[in-house]
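Worksheet: the structure to be examined is printed underneath.
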Amino acid sequence: HTSALVCPSEWLLVHLFLYLSAVSTNTMVTTMLRTMASPMRLVSCSSFRAKTLNLRGTIRSTALRASISTQSCLAVVQNTSIQNSSSRTRRTGLVRSPGVPLPCATRVRYAHDWTARSQRSRASILKAVEESDLAAMSTSEDDLEELTSAENVVVPNGVAAVPVPEKFDVEKEVARRRNFAIISHPDAGKTTLTEKLLLYGGAINEAGAVKARRASKHATSDWMELEKQRGISITSTAMQFEYQGYQINLLDTPGHADFSEDTYRTLSAADNAVMLIDAAKGLEPQTRKLFAVCRLNGLPVFTFVNKLDRPSLEPLEILDQIEKEFDLPTYAVSWPIGSGDRFRGVYYRPTKKVYLFDKTGNTGRSKGAKSNEYDFDDPVLIDLIEEDLYLQLRDEVELLDMACPELDLEKVRDGKLSPIYFGSGMNNFGVELFLKSFLTFADKPRAHESEEEKVEPDDEDFSGFVFKLQANMDPKHRDRVAFLRVCSGTFERGMKVTVERTGKQLSLSRPQKMFAQEREVVESGFAGDIIGLNNPGSFAIGDTVYAGKRRAYPGIPSFSPELFGYLRNPNPSTYKQFQKGMDGLLGEGAVQVLYQKEGGRNDPILAAVGQLQFEVVQSRMETEYGVQTILEPLPYQVARWVVGGWDAVEKVGKLFNAAVVRDIYDRPVLLFRNTWNLDQLVADVPDIGELLPYAMPPKQVVGKKGKK
């Protein structure tokens, strides 16, 4: 506003903030907020008339640069008097006589307005200073620094002292991060183990169950209604919590093969993997596939053998399976004492302690599984467990000490040695021991390869990539959240970033800390953290986001689907809801959507890896958008993207034994009934060029006005 100031000391201060926010450091700005016993010592003038004063922009910019709260900023103008003659303030009722303080309600309204407005650029701030009388004072930065030093200033009465913003030690913050994903075959107990890790980490007070009774608590990570009904994990989930000084980012992945693409994307954001194995079944098909993805990404793999409270395979047999099938040596960190109804506890090799568990109490839902700790050589053990179990334990421990390699953490973090643990997630046996040991052995956030160079996690410039999109996490709003993995630098709320694929600049004003379906605003983040960003169509899966030096991380591809079908809306009155559902759900990338090349049917063609993906889309369309749909299967099993684009398709003319469709980016896709038809087309029509079984989002160029 164009304002006439009645020259109270606080208003002079505001203009000094404006100047300092443009030319000085955050520390100086904060020092100004803390001081001002006598502003007249800082600026010598009897009256002050500002030609350009935007109160909201000034305080908002200062607050963001100094990393302090709006509430602290309001303390500065707590007793401000203003006589404003602008027409806008007359309309809004903000005209005040000299000496009359602004009412509390007005200051609160200002605070909300500041939050909604974007931060002014440095150039705009400097221009405002140059046009004001403040610029005529020509006070040098050295003079200002001397004037605002701690010994020259005193906090005045009535103005709350504002704490100096914490300067983060990036290297220290990165070192205490632990980021990991849990992989397993369905029904191995993955979600149950996730709940118990959250329970021991203090993130929840009661562990939920995958298949909960009506009066029981459902699993935290299974927040979707269909997940609760079917008792399976359908979508990957990120959960962040603190435990013993560590910042833990836990990624829960769906175990079903139909959702393997979502799991693949999630693993790209992990630094460690926990492979969960059913003790009664050993290695299973989906476990083998997901382990191959972990090895491809170079992830350290920790193994937890679950369900020891049921009849199980011999522990040595499980170790032998892992070493032979995966060519991966193992190191048994803990060792079970019995199995099934004779499961008594575990022996923890690093400390040579035996932990015997008491099965009494509500062990499944709380930390009620009590353990008694004994030295391995304590003679009382033979009386506490059966003699044959005691003798078997001693023999097996002696064999492990002689035959197994030493625990080499460098090999563990290089993915060449897998620490292995035994326990029961359902009964809390061995879970806490695993969590504490894992945090010690696991790798901190790793460096990531970009197009230009390898980017270290403590690099000064912020960068990250989007690995997942999720719609309607809040049932009350049609929201869409992009899951961002921070790779380097410091993430700060309100910072401006660039999307590498489009070149578009965004202001991240509402970042969120994720905990399954629950969210809260986050102020900062570091490498390894998972941050939720509001996604109004600005992000695609695999997008690189950076501030400062340009980064471009490898994208995340969409793989060839194996099932296809028309999704039809039989009720024309729900056309708008149907389109909203298509835009919201299919933007997640859980299934792909294709369309006819031209003319013909307008119904979208859904393309998925498994049948269950179709059922999830139809269920969510009904529950979240109120639209019942019909799926008409198509007889295709293979899809290939034409690298040469539409020019290559038009060049070869009509194609036999193949259907030509287009994807959401208007690129040609060929559908085949089987691989034999694909091989025949490649042999008969070489001019079609290269065909790819995957696709990446295309690069887009955005002009100065944001137009593509």
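Every heavy atom of this structure was used, including side-chain atoms; hydrogens, water molecules and symmetry mates were not.
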Check [Y] with [X], please: is the shortest side-chain N to carboxylate O separation under 4.0 Å?
X: R177; Y: E173; value: yes
X: E432; Y: K196; value: no
X: K444; Y: D458; value: no
X: E398; Y: R394; value: no
X: K353; Y: D375; value: yes
X: R176; Y: E242; value: yes

Kindly say whether G464 contributes a backbone atom to a donor-acceptor pair with the side chain of R551 at under 3.5 angstrom? no
Does Q611 have more than 12 heavy atoms from other residues, nucleotides or ligands lying within 6.0 Å of its CD? yes
Beyond-backbone contact of V333 with Y331, side-chain heavy atoms, under 4.5 angstrom: yes
Do R342 and L389 have side-chain heavy atoms sitting under 4.5 Å apart? yes
Tell me whether the rings of F326 and F291 are parallel (<30°), tilted (30 to 60°) or perpendicular (>60°). parallel
Tell me whether R485 forms a cation-pi arrangement with Y553, defined as NZ or CZ under 6.0 Å from the six-membered ring centre and within 45 degrees of its axis. no
Looking at Y347, F441, F434, which one forms a ring pair (Phe, Tyr, Trp, His ring centres under 6.0 Å) with Y421? F434
Quick check for you: to the nearest 0.5 Å, what is the distance between L193 atom CG and M426 atom CE? 11.0 Å
